[in-house]
Structure formats: structure tokens, C-alpha cells
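Written below as C-alpha cells is the structure these notes are about.
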Amino acid sequence: MIVEIENLTINYDGILALDNVSLSVEEKDFLGIIGPNGAGKTTLFSCMLGLLNNYNGEIKFFGANIRKSKQYLHQIGFVPQKPVFEKNFPATVAEVVGMGLTKNQKDNTIDKVLQKVWLHELSHRRIGDLSGGQQQRVFIAKALVNDPQILILDEPVTGIDLQSKDLFYQILRDLNQKDNITVIWSSHDLDAVAKLASKVACLNRTLFFHGISEEFFHNENLLKMYSESSMQMHMHNHED
Amino acid sequence: MGFEILSYGFMQRALVSGIAIALMCSVVGLFLVLRRHSLFGDALAHSAFGGIAAGLFLGIYPIWTAFVVCILSALGLTKIRQRFQISGDAMVAILLSSGLAMGVILISLAGGFTVNLFSFLFGSILLVSLENTILILGLAGSILIVILLLYRQLVYTTFNEEQAKVSSIQVEKLSYLLVVIAGITVVSSMQLVGILLTSSLIVIPNVTAMLFSRGFKQTSILSMIFAVFSAVAGILTSYSFNVAPGGMIVLISIILFGGSLGIKSFRQKKRVLVLNKEATKLS
């Protein structure tokens, strides 16, 4: 196991955001984490990335408790939901990708990862001038620049057009299957998760399924349970 | 007049100090502008005014008290913002008015404005002493070295704090360091343009540079060129026309900004014309 989460519970802004969540990830897994808005997906990632520390339970990466060392972060690439940055920020695509460099790689690493996401021809363009889909690919390149073992993506295709989504999914598949990168990815897009993910974790503050993707998508009871729970959460969010 | 004025000691000191301050302001200012803290420099300058007044009131060299008050205010502001999640602009307003209030009270207790205070309000670069020139050079050199050493982390944190944290960057420590550096920069630059105009030197060259450049390095370099040009041209022309150098420096930087806006607008119009021509040809 390269990731082990045991009995993770966290209150966030006075609300129980995650309740006793336990899950594990094996090397080369493509884990799709699904759940409605407010289900705790981003909170789960924030705990895993060390951005939130006030949780109960244990999170281990590569066998080590993340409370004790942050070294594991060097093996992780993270792509946020919708990267927030000043629209007029004066940075080229190559400069943004280079920001992620933590090791002493040379500039050709930047070209290499930009080629992987099919953006090498735009390396001198200003980041704010790119489309949403292109920007997300830049953030994948940035996440890959340190040659990570695990790629974590938090609903990365939110607000992106269909064509860009397909290209994005193709890139993710290649990274997992050709480069053997473990992918942990949260998404609302059940069709995409069914096509891409080898394993699924279904989260709604608590984990109510974690296993092989086909098991989930071929089990009508589970799918029904998921859609009912999503609807409840949707109504609850609106009442709030 | 020609190059003769360059042989005067006061002019040499003014130009050397002016260039050092311009470099400091443009480099530190770029990070502040991009963090949407453009008015932070103004708030720090006003808190420095309180420090200057305290120094004059207590009979301590006012630059030292300005440094202390300015740095403590900058650190306090950052801590309060992080702890209580108060918006940046509201905190800037509080800092600005509290520094000014402290200054006004101390000045009234001391029996009114003094000539000394006016030189801090509007700058007095032509009167800068050799000791102050050395101090400014030392501070500018140290700040530029620190920023060069932490360049990548500072750029990354400015671009996206959350992602920088995930990359193991000590975001909070860097924020504190940046505000301390900003405080030192503001107090140093008071001697060039004065408290009332300090923030313009921090903001205008950077906003002008951002009109032209694509990348961060390119923006930094262009901003330094604009800032140094404004400082040198401002000092020289102010001497020729016998006007306040602080005002002249800021005026020149505003002219550069206005000119840049004109060039940018002309280029955009030209581009639209070319695209329209191509579209007509295709149709």
C-alpha cells in the first residue's frame, strides 16, 4: 500500500466533514473518488496533502505517518479544482511549470512535461491568455515536473469544455498506464470514472463503497444508493 | 549645466541612493502588487509617519523609530489578517489611519510641524547624507540578495499559496519576511519621494511593466528599468527646474505609465485592423 487512511474524522467549520473514513491505495491504482458537492472530497485531499491537520485518525504515505514528516510531498503532484491566480499574473507557461520544481532538474524537464500534456508549443505564452482546458493541462505539467509517484487531482475538469475534457482524460490514462503513476482523482463525472478508474471510492462524509470500479458500476443497488444520497446532499446544501 | 551637476557630491549621493531605492521598490513592489496589496506600501508609509513623529517627539533619530514602528505594524497587520480573516483592504485602512493618528497626536503634543517632518513627508533626496547613502545601499543590497535567494519560493507563493504549501514551501514565514522587507523598503524610500508618495514608486513601475511583458522575469527587469529611469530623470529634472524631486520622480513614472497605455492601445488597434483585413481576404 502506498496510501493508507485509517478512521479519518474531521470537523470543518463546525460541521462533521468526514466521519471515520478508511481507505487504501495501491501502487499504479487509478482511484476515482466520487461523491456529491459537500461530500468531503476536497477536505479529504486537504488532509492528505497536510493542508488540514486538525483531524483524528491516521494518514500514511509510503508507510510513514504524514504528521511526522512532509517528505512524502516530494513524491506527490497535485492539481487543484480550479487554480486561483491573478488573471494578469505575468508568468509564462514555462515559468508556471518551473515553479513546481523542488529538485535540481534542468530546464529540459519543463519541456519534457509540457510535451506530455501537448503544450510545448505554448511554453512562452502568458498563462492568463490560455483557455481553461489549457490552463488545467499546465497545472498537470506542473504537478508532473518533479517526477511524482502519485498524482492527486481534485475535480480537475470543472468548467472545462467537452473536447478539452476528453484530451485531459487521455493524458490521465497515459500517465497511469504508460508512466505507471498512481492517480487519485475526485470527480462528479460518473461516466468518466467508469471508463478510466480501476477502483472507486464513494464518499458522502463517510465512505460507503471502496473497491473495484466494475463492482460499483455493475451493482444497481449501489448506484441507486449513490444517486439517492447525492440528491439528499444536494437538497441539504440548498436548504443551508 | 550639462554633466557638471554630476560632479557635485550631493547629486552623486542623490543618484546612487535614488537608484538603490528605485530597484528595491520595484522588486518588492511586484510581489505586493500581484498579491493585491498595492496599498500596503501606503499604509506602511503612514505607520512610518507615526514612527517619525515618535522619534521627533522623543528626540531619537526618526529613521530608526520609523523602522521599528513600520516593521512592527507590518508584522501585526499580517498576524491579525491571518488570525481573524479580516479582508486586506480593511486592515490597510486601519493601519493607515492609526499611523496617521499616532503621528498627528505626537506632533500636536510637540507643538506643531517642524521642517524635519516636512522633509519626511515630501522627501529630501538632494539632502541625503553620506551615512544615509551607505545605509540605503546596504539595505537595498541585502534585500535584493534575500529576494534573489528566495525568488522561486516567493514567486510560487505569490502565484498560488495553496499549491506552494503542497510543494513544502513555508508560505506563512515567507509572508512575514515579505512584509518586513516591505517595511524596510518603505522607510528607506521615504527619503527619496516622501511618505505621501512612497507607494507610487512601489506600484507604478510594476503596473507599467505588466502592460508589456509575458513572464515574471521580464516584468521584474522592465519594472526595474522604469523605476530607475524615473528616479534618475526625476532627480536631474527637479534640480534643473528647481522643483521637489519626489513629485518629479512620481510624475515621470506616471508619464511612462500613460505613454505605455497609449502604446498598448495603439498595438491592440493595429492588431484588430490586421485581423479584420485577413478576415476580409478570406471571405
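Sequence lines set the chain letters: A, B, ... in the order given, protein chains first and strands last, and positions in each chain run from 1.
- Thr158(B) touches chain A through backbone and side chain together, each having a heavy atom under 4.5 Å away.
- Applying the 6.0 Å contact sphere to NZ of Lys217(B) captures no more than 12 heavy atoms from other residues, nucleotides or ligands.
- Taking chain A as the reference chain and counting heavy-atom pairs below 4.5 Å, the highest number among Val33(B), Leu30(B), Thr219(B), Leu34(B) is found for Leu34(B).
- Ionic pairing of Lys199(A) and Glu26(A) is present here: one or more N-O contacts between side-chain nitrogen and carboxylate oxygen are shorter than 4.0 angstrom.
- Residue Arg35(B) does not touch chain A at all, counting heavy-atom pairs closer than 4.5 Å.
- Within 6.0 Å of CZ on Arg267(B) lie no more than 12 heavy atoms contributed by other residues, nucleotides or ligands.
- Annotation: maximal heavy-atom pairing with chain B below 4.5 Å, among Leu51(A), Asp129(A), Leu49(A), occurs at Leu51(A).
- In this structure, Ile143(B) CD1 and Ile184(B) CD1 are separated by 5.0 Å, a value rounded to the nearest 0.5 Å.
- Under 4.0 Å is where a charged nitrogen must lie from a carboxylate oxygen, and between Lys116(A) and Asp179(A) at least one such pair does.
- Only the side chain of Val96(A) comes within contact range of chain B, with at least one heavy atom under 4.5 Å from a heavy atom of that chain.
- At least one cation-pi condition fails for Arg271(B) and Phe266(B): the charged atom is not both under 6.0 angstrom from the six-membered ring centre and inside a 45 degree cone around its axis.
- Ranked by heavy-atom pairs shorter than 4.5 Å toward chain A, the options Met210(B), Lys165(B), Gln153(B), Gln163(B) are led by Gln163(B).
- Counting heavy-atom pairs closer than 4.5 Å to chain B, the top residue among Phe89(A), Phe85(A), Phe139(A) is Phe89(A).
- With a 4.5 Å cut-off on non-hydrogen atoms, Ile127(A) touches chain B through its side chain but not through its backbone.
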